[in-house]
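What follows is a set of notes on a single structure, which appears directly below.
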Amino acid sequence: MNRRALVTGGAGFIGSHVVDRLLAEGHEVLVVDNLSTGRLSNLESASRHPQFTFLHADITSTESVDAVEQFRPDVVFHLAAQADVRVSVANPVFDATVNIIGSLRVIEAAVKGGAQRIVAAASGGTLYGEVDPSDLPISESMPWQPLAPYGISKKVMIDYLRSAQAIYGIETTSLALGNVFGPRQDPHGEAGVIAIFFQHYQAATTPTVFGTGDQTRDFIYVEDVVSAFLAASERTGTGALFNIGTGIETSVRDLVNYMNRITRSEVEPVRAPARAGELDRSVLDITAASHQLHWSPRVGIEEGLIRTWQWFQQVNG
Ligand SMILES: NC(=O)c1ccc[n+]([C@@H]2O[C@H](COP(=O)([O-])OP(=O)(O)OC[C@H]3O[C@@H](n4cnc5c(N)ncnc54)[C@H](O)[C@@H]3O)[C@@H](O)[C@H]2O)c1
């Protein structure tokens, strides 16, 4: 069934891939994005599509609420966010304004526009905080103990989504994403070690590894994340949170080995002291998503890295 979909943050890395998939599947799409970190070039092919509309607006504004109300979406994909942990530490009021007040505006707009469902991006890397290694992989039932303001604002967003479901009956689902990578990720951002490293490989400069390189993350390819958003949007939302990762731990050291193999180079990163507040190990238990959303990741880390490197070469080559 064709649906009308609002994608907040649709000019961003993950959001633009969600947009492309929705259009390919025949849905009508409205993107609301203030282009603070997103780029119109991410929507180059989408913008040629007759079912696509772009609104350059801030999700905290009443202008965007009015536009969404008029659009009358069936489903809302909420990805617009202040997504930089270090910005959240430097300016927690700004972080809360975008991630909490902005999310409240998106909920208001979705309710006024008569949407049935909201699927929102939360963060598996920051929601749970540092967990005991014996509790890995992290399941959704682990305590939510975010340390950074970014993790806190995203946690509050989940609480407000649940509240909206209870009060207004709008269905909500939150996806706690692992470390997402793939084409269009901004190599100049603070996160996205893969994009940052590939940028160095391309420029023949040396990447820096903070800490031992043994720190692990759950790296997931962006197309698999898109599939999770679509799967969640097709099922009744119950206010639940689902981890979206691979369940596989990859160390930064492993990453460099993969990247050296793929790019046929022998890069030896520079070492720097570990950054304060960085998690040592992180990997998500994805059993709930696989059972309840009937979703599982399909692109392995090596295949994902090959595709990402190909994109880097096409765009910046
Ligand atoms: N990339 C990851 O590994 C990762 C991991 C966990 C969660 N997430 C979440 O996924 C979502 C998308 O992240 P991304 O990596 O694509 O980041 P991104 O920065 O590429 O995308 C965010 C988009 O939101 C837009 N935006 C920001 N503030 C806005 C505002 N006030 N009004 C309207 N638009 C605004 C930006 O311009 C950008 O296009 C975010 O909610 C992020 O917190 C990402």
Side-chain angles (χ1 to χ4, degrees), residues 6-20 30-43 46 54-65 67-68 76-85 87-88 91 94-106 109 118-128 146 148-158 161 174-196 217-222 224-226 228-229 241-246 279 282 284 304 308:
L6 165 69
V7 183
T8 71
F13 160 47
I14 305 171
S16 64
H17 286 280
V18 172
V19 169
D20 287 344
L30 168 68
V31 164
V32 175
D33 199 300
N34 69 356
L35 299 178
S36 54
T37 56
R39 279 176 299 212
L40 282 179
S41 58
N42 289 339
L43 294 169
F54 178 77
L55 177 69
H56 185 185
D58 200 294
I59 52 163
T60 59
S61 70
T62 49
E63 179 200 358
S64 83
V65 175
V68 172
V76 174
F77 296 90
H78 177 36
L79 291 102
Q82 187 306 106
D84 187 321
V85 173
V87 169
S88 82
N91 196 344
F94 171 64
D95 177 82
T97 305
V98 179
N99 293 353
I100 300 179
I101 306 297
S103 295
L104 281 171
R105 285 286 184 214
V106 171
I118 304 175
V119 184
S123 161
T126 59
L127 181 65
Y128 304 103
Y150 166 70
I152 295 170
S153 63
K154 284 282 180 175
K155 172 176 175 281
V156 172
M157 175 198 75
I158 301 170
L161 286 165
S174 300
L175 304 181
L177 311 180
N179 285 61
V180 188
F181 74 99
R184 298 181 190 156
Q185 187 163 32
D186 184 358
H188 306 291
E190 161 257 359
V193 61
I194 290 174
I196 294 169
R217 296 289 181 269
D218 190 333
F219 293 102
I220 176 156
Y221 190 64
V222 66
D224 282 326
V225 172
V226 172
F229 271 96
L241 171 83
F242 293 102
N243 287 339
I244 301 298
T246 60
L279 299 182
S282 179
L284 300 171
T308 308

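Order of listing sets the numbers, starting from 1, for every ligand and every atom in it. Side-chain atoms are counted along with the backbone in the values below, which use heavy atoms only and exclude waters and symmetry mates.
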Subject >> ligand 1 N/O within reach of Val180 N/O, cut-off under 3.5 Å >> reply: yes

**OP:** Report yes if some N/O of Gly15 lies less than 3.5 Å from some N/O of ligand 1; otherwise report no.
**Re:** no

**OP:** Number the atoms of ligand 1 from 1 as they appear, then name those within less than 4.0 Å of a heavy atom of Leu35, with their elements.
**Re:** 37 (O)

Subject >> Any N/O pair Tyr150/ligand 1 closer than 3.5 Å >> reply: yes

Original post:
Among the heavy atoms of Phe181, does any lie under 4.0 Å from an atom of ligand 1?
Top reply: no

Original post:
Judged by non-hydrogen atoms, does Leu79 sit under 4.0 Å from ligand 1?
Top reply: yes

Original post:
Considering only heavy atoms of Ala57, which atoms of ligand 1 have at least one such atom less than 4.0 Å away?
Top reply: 32 (N), 33 (C)

Original post:
Looking only at protein heavy atoms, which one is nearest to atom 33 (C) of ligand 1, and how far off is it?
Top reply: Asn34 N, 3.2 Å

Original post:
If you measure from each heavy atom of Gly178 to ligand 1, is any distance below 4.0 Å?
Top reply: yes

Original post:
At the 4.0 Å heavy-atom cut-off, does Ala122 count as touching ligand 1?
Top reply: yes

**OP:** Would you kindly specify which portion of Ser64 sits under 4.0 Å from ligand 1, judged on non-hydrogen atoms: side chain, backbone, both or neither?
**Re:** neither

Original post:
Which one holds for Thr60 and ligand 1: side chain close, backbone close, both close, or neither close, with close meaning a heavy atom under 4.0 Å?
Top reply: neither

Original post:
Quick one: nearest non-hydrogen protein atom to atom 32 (N) of ligand 1, plus distance?
Top reply: Ile59 N, 2.9 Å

Original post:
In Å and rounded to the nearest 0.5 Å, what is the CG to OG1 distance from Leu55 to Thr8?
Top reply: 12.0 Å

**OP:** Calculate, to the nearest 0.5 Å, the distance between atoms CG and OG1 belonging to Leu104 and Thr97 respectively.
**Re:** 11.5 Å

**OP:** Could you tell me whether Thr37 and ligand 1 have an N or O pair separated by under 3.5 Å?
**Re:** yes

**OP:** Please identify which atoms of ligand 1 are closer than 4.0 Å to at least one heavy atom of Ala81.
**Re:** 24 (O), 27 (C), 28 (N), 40 (C), 41 (O), 43 (O)

Original post:
What protein heavy atom sits nearest atom 31 (N) of ligand 1, and how far off is it?
Top reply: Asp58 OD1, 3.0 Å

**OP:** Decide whether the shortest distance between a heavy atom of Lys154 and an atom of ligand 1 is less than 4.0 Å.
**Re:** yes

**OP:** Could you pull out all residues at least two apart from Phe219 that satisfy ring-ring contact (aromatic ring centres under 6.0 Å, His included)?
**Re:** none

Original post:
Near Val98, which atoms of ligand 1 are under 4.0 Å from a heavy atom of that residue?
Top reply: 28 (N), 31 (N)

Original post:
Would one find an N or O of Gly12, backbone or side chain, under 3.5 Å from an N or O of ligand 1?
Top reply: yes

Original post:
Nearest to atom 20 (O) of ligand 1, what protein heavy atom do you find, and at what distance?
Top reply: Phe13 N, 2.9 Å

Subject >> Backbone N/O of Thr126 and side chain of Lys155: donor-acceptor pair under 3.5 Å >> reply: no

Original post:
How close does the nearest protein non-hydrogen atom get to atom 44 (C) of ligand 1, and which residue and atom is it?
Top reply: Ile14 CD1, 3.8 Å

Original post:
Hey, what's the ring geometry for Phe13 with His17, parallel, tilted or perpendicular (30° and 60° as the breaks)?
Top reply: perpendicular

Original post:
Taking N or O atoms only and a 3.5 Å limit, does Asp33 qualify as a polar contact for ligand 1?
Top reply: yes

Original post:
Can you tell me how far CG of Asn243 sits from OG of Ser174, rounded to the nearest 0.5 angstrom?
Top reply: 11.5 Å

Original post:
Among the heavy atoms of Gly102, does any lie under 4.0 Å from an atom of ligand 1?
Top reply: no

Original post:
Short list, please: which atoms of ligand 1 are under 4.0 Å from a heavy atom of Gly38?
Top reply: 36 (C), 37 (O), 38 (C), 39 (O)

Original post:
For Ala80, is at least one N or O under 3.5 Å away from an N or O on ligand 1?
Top reply: no

